[in-house]
Undergrad: 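Take this structure first; my questions come after.
Because the structure is predicted, anything quoted here is derived from the model rather than measured. One-based numbering, in listed order, for ligands and for the atoms of each. Side chains included, hydrogens not; waters and symmetry mates left out as well; all remaining heavy atoms used.
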Amino acid sequence: MATSSLPIFPKILGNESAEVCVIGAGIAGLTTAYLLARLGISVIVLDDGPILSGETERTTAHLTYALDDRYFELERLHGEKGARLAAESHSAAIDAIEEIITTENILCDFERLDGYLFTPPGESPQILERELIAAHRAGLSAVERVSRVPIPSFDTGPALRFPRQAQFHPLKYLAALAQAFLKYKGRIYTETHVTAVEGGEPARIETQGGHIVSAGAVVVATNTPVNDRMLIHTKQAAYRTYVIGATIPRGSIPKGLYWDTPDPYHYVRLQSSEQSDLLIIGGEDHKTGQADDGQARYLRLEEWARARFPMIESIAYRWSGQVMEPVDGLAFIGRNPLDKKNVYIVTGDSGNGMTHGTIAGILISDLIAGRENAWAELYDPARKTLGAVKDFAQENLNVAAQYVEKITAGRGQDPAAILPGTGTVFRHGLRKDALCRDEDGRLYEFSAVCPHLGCIVAWNTMEQTWDCPCHGSRFDKDGTVLNGPAISNLAH
Ligand SMILES: Cc1cc2nc3c(=O)[nH]c(=O)nc-3n(C[C@H](O)[C@H](O)[C@H](O)COP(=O)(O)OP(=O)(O)OC[C@H]3O[C@@H](n4cnc5c(N)ncnc54)[C@H](O)[C@@H]3O)c2cc1C
Ligand code: FES
């Protein structure tokens, strides 16, 4: 479904107040807002784009409890109880989506299907044995070993089958959820950029137009928090991931969710239309702002796909998006650490943002309504996961290395040499400038210093954006901030 067919909401035009203000109208924000409104709580949602214009628009929408990190790894990081709660909460999230679809009568192509995890050629299937045992210990007793994935065109060898996964059309689902939210007297304002968030009684949310929303609590669901300068951004890293959509003859591959085990891994599923099936294949992830070879990554994805699915007719779609990878495998959902008690965040939702976003809706609405929730400790943004110390150190050393760029020389020499569709960072004495030229030949010039914490942005040719290699802020070629944690534009 094209974004143009999504419902349109007004800009905020004056000061407002509500019991809860949710910032961000992606799956996390809209689910939280809807579940709160269903409890009779008055809620305002603010978003600086149209609704669903963030990463939710780019998702491949596998609804799964077979998470990005293996259950044996989650058990090492969070203990047996933690792995069990992770399995329980992601299964419950899929059930919650199904319940909402039934309650609100939503037509969004939701269907239950199996998921399959397999190893690439040459890799020992031992990892699957470990995973099977850990999944059973986590309470997923229906997970089973099968001799191969049921795709006729390639023999994966042994695989694990995860029953009762699901898929749906995320934009159809969430557009209907937004409408249902209105029915519970919710208010949505779009094209409304939030410039400041302050907890307290009441919480105070300031918008670019100078309007103030006062609220009893605020939920920052901006994918990566725009209100938290530092702490949470040391515990997660932004990665770019790539997707192709290939047409195949109808019925040539059974419906299912398919994943292999390397890091980064490939993720595959099917979307049917009346004429043909679309095979959606993703992977080739890299740290945001640390590679500019998107074209090569699309080609590698296509090569990987054609080798396994010879029935591919043509590549109809290509797109990429950003995922926030937490150092310990699970999202950060709950009270914002070191902040006032009525400020909540949801972030670090990895490639499982559909379920993590739904868990956020359930958990945050429970916290705000003062109800017990057994998942609160597991997802607490203030948690310290001892087993993740190595990953934490590696990610932060990587960030530190990006600051070296700040003092090394700029790469470009002559602005006239910047071709349409390209960008480069120039050094002018101590200053670093980001220069790019659009396809019509117009030159844009900004400071290359990211307004979040001062890293130097890098050009992304495929997206025509400036991406920050430190914590994933992204800016349009005209300097407008597209992704947090930066809350303001590149400086002129
Ligand atoms: C290519 C790709 C494939 C994926 N595949 C899967 C998958 O198969 N299964 C799965 O579970 N997950 C998947 N994910 C992850 C999942 O899509 C995301 O984690 C999820 O959509 C994030 O939702 P969100 O609501 O947190 O953020 P978003 O959808 O990004 O919403 C955040 C919103 O906040 C708004 N915003 C930001 N800053 C401000 C501000 N200052 N003021 C006002 N508004 C602001 C933005 O405009 C945006 O609308 C995938 C992600 C990508 C990129
Ligand atoms: S995103 Fe943190 S410095 Fe750019």
Undergrad: Closer than 4.0 angstrom: is that true for some heavy atom of Gly351 and an atom of ligand 1?
TA: yes

Undergrad: Does the plane of the ring in His233 sit parallel, tilted or perpendicular to the ring in His471? Use 30° and 60° as the thresholds.
TA: tilted

Undergrad: Considering all heavy atoms of both residues, which atom of Asp293 and which atom of Arg300 are nearest to each other, and what is their separation?
TA: OD2-NH2, 4.4 Å

Undergrad: To check your reading of the model: name the closest protein heavy atom to atom 3 (S) of ligand 2, its residue, and the distance in Å.
TA: Leu453 N, 3.2 Å

Undergrad: Of the options Lys235, Lys287, Gln236, which is the one that meets Glu395 in a side chain to side chain donor-acceptor pair (under 3.5 Å)?
TA: Lys287

Undergrad: Any non-hydrogen atom of Leu52 lying under 4.0 Å from ligand 1?
TA: no

Undergrad: Answer side chain, backbone, both or neither: which part of Val323 comes under 4.0 Å from ligand 1, heavy atoms only.
TA: side chain

Undergrad: Are His266 and Trp304 close enough that their ring centres sit under 6.0 Å apart?
TA: yes

Undergrad: Of all the N, O or S atoms in His452, which one sits nearest to atom 2 (Fe) of ligand 2?
TA: ND1

Undergrad: In Å, rounded to the nearest 0.5 Å, how long is the span from SG of Cys468 to NE2 of His452?
TA: 8.5 Å

Undergrad: Pick whichever of His90, His62, Gln322 has a heavy atom sitting closest to atom 9 (N) of ligand 1.
TA: His62

Undergrad: Closest by any non-hydrogen atom to atom 11 (O) of ligand 1: pick that one out of Met354, Glu191, Arg240.
TA: Met354

Undergrad: If you take the centroid of each ring, where Trp contributes its six-membered ring, are Tyr239 and His286 closer together than 6.0 Å?
TA: no

Undergrad: Any side-chain donor paired with an acceptor under 3.5 Å for Tyr267 and Thr241?
TA: yes

Undergrad: Could you tell me which non-hydrogen atom of Ser320 sits nearest to which non-hydrogen atom of Tyr298, and how far apart they are?
TA: N-OH, 3.4 Å

Undergrad: Just which atoms of ligand 2 are under 4.0 Å from any heavy atom in Ser473?
TA: 1 (S)

Undergrad: Just going by heavy-atom distances, which of Leu30, Val194, Asp47 is nearest to atom 49 (O) of ligand 1?
TA: Asp47

Undergrad: Looking at ligand 1, is there an atom of it that comes within less than 4.0 Å of some heavy atom belonging to Ser350?
TA: yes

Undergrad: So, Asn342 side chain and Gly216 main chain: donor-acceptor pair closer than 3.5 Å or not?
TA: yes

Undergrad: Does the pair Arg164/Glu111 count as a salt bridge with the N-to-O cut at 4.0 Å?
TA: no

Undergrad: If the contact criterion is a heavy-atom separation under 4.0 Å, does Ala61 count as touching ligand 1?
TA: yes

Undergrad: What atoms of ligand 2 come closer than 4.0 angstrom to any heavy atom of Cys468?
TA: 1 (S), 3 (S), 4 (Fe)

Undergrad: Heavy-atom pairs closer than 4.0 Å: do any link ligand 1 to the side chain of Val346, the backbone, both, or neither?
TA: neither

Undergrad: Taking all non-hydrogen atoms of both residues, which atom of Phe309 and which atom of Val268 are closest, and how far apart?
TA: CZ-CG1, 4.3 Å

Undergrad: Could you check whether the SG atoms of Cys455 and Cys470 sit less than 2.5 Å apart, since that is the cutoff I want to apply?
TA: yes

Undergrad: Check each of His356, Arg58, Glu55, Arg269 against atom 30 (O) of ligand 1 and report the one with the nearest heavy atom.
TA: Glu55

Undergrad: Is Cys470 close enough to atom 4 (Fe) of ligand 2 that one of its N, O or S atoms comes in under 2.8 Å?
TA: no

Undergrad: Mark the output for Ala221 as yes if a heavy-atom distance to ligand 1 is under 4.0 Å, and as no if none is.
TA: yes

Undergrad: Quick one: which of Asn227, Thr222, Thr56 has a heavy atom closest to atom 29 (O) of ligand 1?
TA: Thr56

Undergrad: Any N/O/S atom, side chain or main chain, of His471 closer to atom 2 (Fe) of ligand 2 than 2.8 Å?
TA: yes

Undergrad: Are Gly454 and ligand 2 in contact, using a heavy-atom cut-off of under 4.0 Å?
TA: yes

Undergrad: For ligand 2, which atoms sit closer than 4.0 Å to a heavy atom of Cys455?
TA: 3 (S)

